[in-house]
Amino acid sequence: MTTNSLSSWSALQAHYDTIREARLRDWFAADTSPTRAERFTFAGGGLAADFSKNRITDDTLRLLVALAREAGVEARRDAMFEGAIVNPTEGRAALHTALRATRADAPYHEQIRAERAKMAAFAERVRSGAWTGYSGKRIRHVVNIGIGGSDLGPKMVVHALDHLAHPEIASYFVSNVDGADLARVLARIDPEETLAIVVSKTFTTLETMTNARSLRDWFVQRGCPEQALAKHFVGVSANPAEVVKFGIDEKNVFEMWDWVGGRYSLWSAVGLSIMIAVGPEHFDALLAGADAMDTHFRQAPLERNLPVLMGLVGIWYRNFFGSQSYLVAPYSEALHYLPSYLQQLEMESNGKSARLDGQFVDYATAAVTWGEPGTNGQHAFFQMLHQGPTIVPIDFIAVLTPEHPLASHHPKLLANCFAQSEALMLGRTVEEARKVAGPDKPELVPHLVFPGNRPSTTLLVDALTPHSLGALIALYEHKVLVQATIWNINPFDQWGVELGKILGKVVEADLVAAQFDPSKHDSSTSALIARAREASKR
Ligand code: F6P
């Protein structure tokens, strides 16, 4: 399927030409009942999304939904939930939704329940202090060693739910092969009270295995008898044989499966660090929130379906307005790591050019995802969003009630979130800028003009709970599927990470070998290697 030859695509192109110059400010000024806010705010899975500050009309949404139907979003969604091979290049299903399904007829239900019960029993032992280290002390430090999907999801959730965390257990996440990452954590932990969770779907990932080995050596150097290492290491993997080979007791291996993609895996045993931090009940609530969004995604008509609408609005900007990136701005410190989590989810899933039928796309796919919590971003890069020549669509995320005791901060936080979307939408005309500049400073006028018409969606979360967080994450997961379907690409593989890994092994060997043959590489890479070799001699 060539998406841009679908009739709904051509209709959208024609429609775009009629509204590209239209101004949100005028649409809001001409608002009638029901208002834009009423017409374009939708709810699902316990969340609400106000799409009214987007450059859309009722016609735009109608045409975008027609595109979703014509591209087969419903069929692909259903195929995913039913466990069909929706990842054909790896011959796999993508059943992250089964991990949170409560229905007994959901795929792999018993297997999933058994593994979760094992996780819960283990997490309770760690949380209660029944699980002790080699010298009999309770665990106070949990170090998750993993990277990509084996790090970003758990790290994001543990940070987001810090207000529910066990008071005596601190969580750490080590991902980078840069020794500085592990060294920073080693300086803060005590081997007698530390539990390491080595998380790797493949259990072959260079960064994770390097960090895991260094951590194991550190335990031994710091007095942990080799035979007691089992008290300090557990593993999570789809490759249990490798975990056991590493030296982890097979009783302490938690399984994930090849039908769970790394970046969709926090709902599996990959979330063990989450369960230890906040407890099995809160972990269940996280799953229940995701399940609520799954149900909404499966059952709500496309016209009122949050993941579908978010995906479509993204397509509208990426493929019709030509936006290169989109910003995620959570007005929540707790959601600090959401943008980096979404970078992997969106860009590793949909940053592709090969279509499912093996041809190449001749349209844009994933935009660059980036972000930073508000209000910090306002004092850094929002200048460009307001007055730069480039349009960057934004997802504002507002949490209506605080999860911390400093309630007096909250109106200031929310005010900034809502005011930014208003300012970006309204802009400031030359006339208005003249008034602000005053009669003495006409030269300032161009600098005080804001083009406005800058689109944003505001997602509303009542309170940051495990349930709402689960729904929020699932919302983005499904948005990614919707976009992948329309772009006719496979969101569940990641062949693009392979080449660098292969060449990395060659370069690493060249960095440490006694002799180096520069003719093996281009002149730039050879010169870089030569400089690093020189530096290592110093
Ligand atoms: O290199 C990319 C990647 O394969 C991601 O897709 C994955 O989340 C990450 O590496 C970690 O992989 P693993 O869990 O197998 O260590």
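In each ligand, atom 1 is the first atom listed, and ligand 1 is the first ligand listed.
Side chains of Asp493 and Thr89: a donor on one and an acceptor on the other come within 3.5 Å. Side chain to side chain, His521 and Asp510 meet the donor-acceptor criterion of an N or O pair below 3.5 Å.
For Glu242, the salt bridge (Lys or Arg N to Asp or Glu O under 4.0 Å) partners two or more places apart in sequence, or in a different chain, are Lys245.
Considering only non-hydrogen protein atoms, atom 12 (O) of ligand 1 sits nearest to Thr205 OG1, 3.6 Å. For atom 8 (O) of ligand 1, the nearest protein heavy atom (residue, atom name, distance) is Gly149 N, 2.7 Å. At the shortest separation from atom 11 (C) of ligand 1 among protein heavy atoms lies Ile147 O, 3.2 Å. Residue, atom and distance of the protein heavy atom nearest to atom 15 (O) of ligand 1 are Thr202 OG1, 2.7 Å. When hydrogens are left out, the protein atom nearest atom 3 (C) of ligand 1 is Glu348 OE2, 4.2 Å; that is the closest non-hydrogen contact.
Residue Gln494 touches ligand 1 through its side chain alone, judged by heavy-atom distances below 4.0 Å. If you look at Val497 next to ligand 1, the close heavy atoms, those under 4.0 Å, all belong to the side chain.
The aromatic rings of Tyr317 and Phe321 lie tilted to each other, with the angle between the two planes from 30° to 60°.
Taking the ring axis of Phe173 as reference, the NZ or CZ atom of Lys155 does not stay both within 45° of it and closer than 6.0 Å to the ring centre.
Considering all non-hydrogen atoms of both residues, Ala160 and Leu335 come closest at CB-CD2, 4.1 Å.
Ligand 1 has no nitrogen or oxygen under 3.5 angstrom from a nitrogen or oxygen of Gly148. For ligand 1, none of its N or O atoms has an N or O atom of Thr208 under 3.5 Å away.
Aromatic ring centres of Tyr108 and Trp257: separated by at least 6.0 Å.
At least one heavy atom of Lys501 sits closer than 4.0 Å to an atom of ligand 1.
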